Each structure stands twice: as C-alpha cells, then as structure tokens.
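These numbers were taken from a predicted model, which means no experiment stands behind them. This chain uses plain numbering: 1 for the first residue, then up along the sequence.
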Amino acid sequence: MAAFEYIAPVRFADVDHAGIVYYPRYFHMFHVAFEELWRERLGARAYVELLDRDRIGFPAVRAECDYRAPLRFGDMAVVAVSIVKMGGKSIQFRYRVYRERETMDAPRVLCAEGLVVCAVVDLTAFVAVPAPAKVLRLLSDLVES
C-alpha cells in the first residue's frame, strides 16, 4: 500500500495566537488532500464532475483527529492519505500530517492523525449507495493491508 501525499505550506491563516496550527485547520488540510487525490488521478475538474455529472458524493459521517506534535507557520505539511476500509456504502480515509523533513536523513515528525468516514451517496436521491466500480479501482492501491 502506498499513500497518496499532498504537500502544502502552513500559512499564517492556519495558525492561532500561539503560532501553531489551529486544530480545526487539520480537517481543512484533510479535505484539500482528498480533493487533490481526485485531481491527480482524474484531472483538474474530476471531483466536480463526479459530483455534478455522476451525482456521486462523499459526505463525511464521522471525523476524528489526534494531535501529536505542533506545526508552525512556515512549515511544510505533508498530508498522507490512505484507506482503512472500503465498505459497501462507505469509505474510511486515514490522514497523517507530517512536518516535512528538514534534511533527507531527518526522521519525519507525525503531527496529526485523523480518520474521516465518508458515506458514498447518490446526490440525486441523497441515499447511500455502493461505491461505483471506477471509484473502487481508482482508490484500491490506497487500501491499507
């Protein structure tokens, strides 16, 4: 299993008065990495097309995050996305946020680890449905063993 990784700078708007990433901003990082996963695998407008054309959505039905080490303004955040489980009508995404290494021999520092369970939803009827085969194929390499 190889995780999908998205790298982004920690911006001033991400931090609180203490100078560390304000805790709800991690959930924003998770969602941005989720969107970037679709962009990389299907193209620039892929997620919007999945929503609008295919009428398939992935609303979060559960979200949690454990905070391990601080990220600060100016750090580079590496958001690794993997899949814990692809259920019949839901997908459990794991997000790990690391501080980018300062040198190649430095260890990665895990700053936060989250889990977001998304229902697979037919957006026309707004009911849970089995994930389409193309979605399962697209994400299968991210499933943790």
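Asp141 contributes atom CG, which lies 11.0 Å from atom OG of Ser82 (distance to the nearest 0.5 angstrom). Here OG1 of Thr124 is found 4.5 Å from CZ of Arg55. Values are rounded to the nearest 0.5 Å. In this structure, the separation between CE on Met76 and CG on Leu71 is 11.0 Å, given to the nearest 0.5 Å. One finds the SG atom of Cys111 at 10.0 Å from the OH atom of Tyr98 (value rounded to the nearest 0.5 Å). Rounding to the nearest 0.5 Å gives a distance of 13.0 Å between CZ of Arg11 and CG of Asp75. Annotation: the span from Arg94 atom CZ to Leu142 atom CG amounts to 12.5 Å, rounded to 0.5 Å.
Not counting sequence neighbours, Gln92 has no partner by the side-chain hydrogen bond (donor to acceptor under 3.5 Å, both in side chains) test. For Lys134, the side-chain hydrogen bond (donor to acceptor under 3.5 Å, both in side chains) partners are Asp54, not counting sequence neighbours. Here Tyr22 pairs with nothing under the ring-ring contact (aromatic ring centres under 6.0 Å, His included) rule; sequence neighbours left out. Looking at residues two or more places apart in sequence or on another chain, you find a side chain to side chain contact (heavy atoms under 4.5 Å, CB included) between Glu35 and His31, Tyr47. With sequence neighbours left out, Val129 forms a side chain to side chain contact (heavy atoms under 4.5 Å, CB included) with Ile56, Val120, Asp122, Val127.
Looking at Arg99, its side chain never comes within 3.5 Å of a backbone N or O of Arg72 through a donor-acceptor pair.
Using a 4.5 Å cut-off between side-chain heavy atoms of Ile, Leu, Val, Met, Phe, Trp and Tyr, with links allowed through other members, Trp38 and Tyr95 fall into the same hydrophobic cluster. When hydrophobic clusters are built by joining Ile, Leu, Val, Met, Phe, Trp and Tyr residues whose side-chain heavy atoms come closer than 4.5 Å, directly or via intermediates, Met86 is not grouped with Val61. Hydrophobic clustering of Ile, Leu, Val, Met, Phe, Trp and Tyr side chains at less than 4.5 Å, counting indirect connections, keeps Phe27 apart from Leu110. No continuous path of hydrophobic side-chain contacts links Ile91 to Val117 [ILVMFWY only; heavy atoms under 4.5 Å]. Following chains of ILVMFWY side-chain contacts shorter than 4.5 Å, one can reach Val121 starting from Val135, so the two form part of one hydrophobic cluster.
In this structure, Leu139 and Leu37 have side chains that are in contact, with non-hydrogen atoms separated by less than 4.5 Å. Two residues are said to be in side-chain contact when any heavy atoms from C-beta on lie closer than 4.5 Å; Asp14 and Phe73 fail this criterion. Within the 4.5 Å cutoff, the side chain of Val21 has no heavy atoms near those of the Tyr67 side chain. Two residues are said to be in side-chain contact when any heavy atoms from C-beta on lie closer than 4.5 Å; Leu42 and Glu49 fail this criterion. Using a 4.5 Å heavy-atom cutoff, the side chains of Leu115 and Arg62 are in contact. The shortest side-chain heavy-atom distance between Phe34 and Val116 does not fall under the 4.5 Å cut-off. Under the 4.5 Å side-chain criterion, counting only non-hydrogen atoms from C-beta, Val32 is not in contact with Val79.
Under the 6.0 Å cut-off for aromatic ring centres, Phe30 and Phe93 do not qualify, their centroids lying 6.0 Å or more apart.
Nearest heavy atom pair, residue Met29 against residue Ala77, reads SD-CB, 4.3 Å.
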* To do: Please step through side chain to side chain contact (heavy atoms under 4.5 Å, CB included) for the pair Tyr23 and Cys65, ending with a clear verdict.
  => CA-CA 9 Å; Tyr23 72 94; Cys65 187; over 6 Å; no
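Remark: Arg45 CZ is loosely packed, at most 12 non-hydrogen atoms of other residues, nucleotides or ligands lying under 6.0 Å away.
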Extract all donor-acceptor atom pairs below 3.5 Å that involve side chains of residues 3-10 and protein atoms in other chains or at least two apart in sequence.
from	atom 1	to	atom 2	distance (Å)
Glu5	OE1	Arg108	NH2	3.0
Glu5	OE2	Arg108	NH1	2.9
Glu5	OE2	Arg108	NH2	2.8

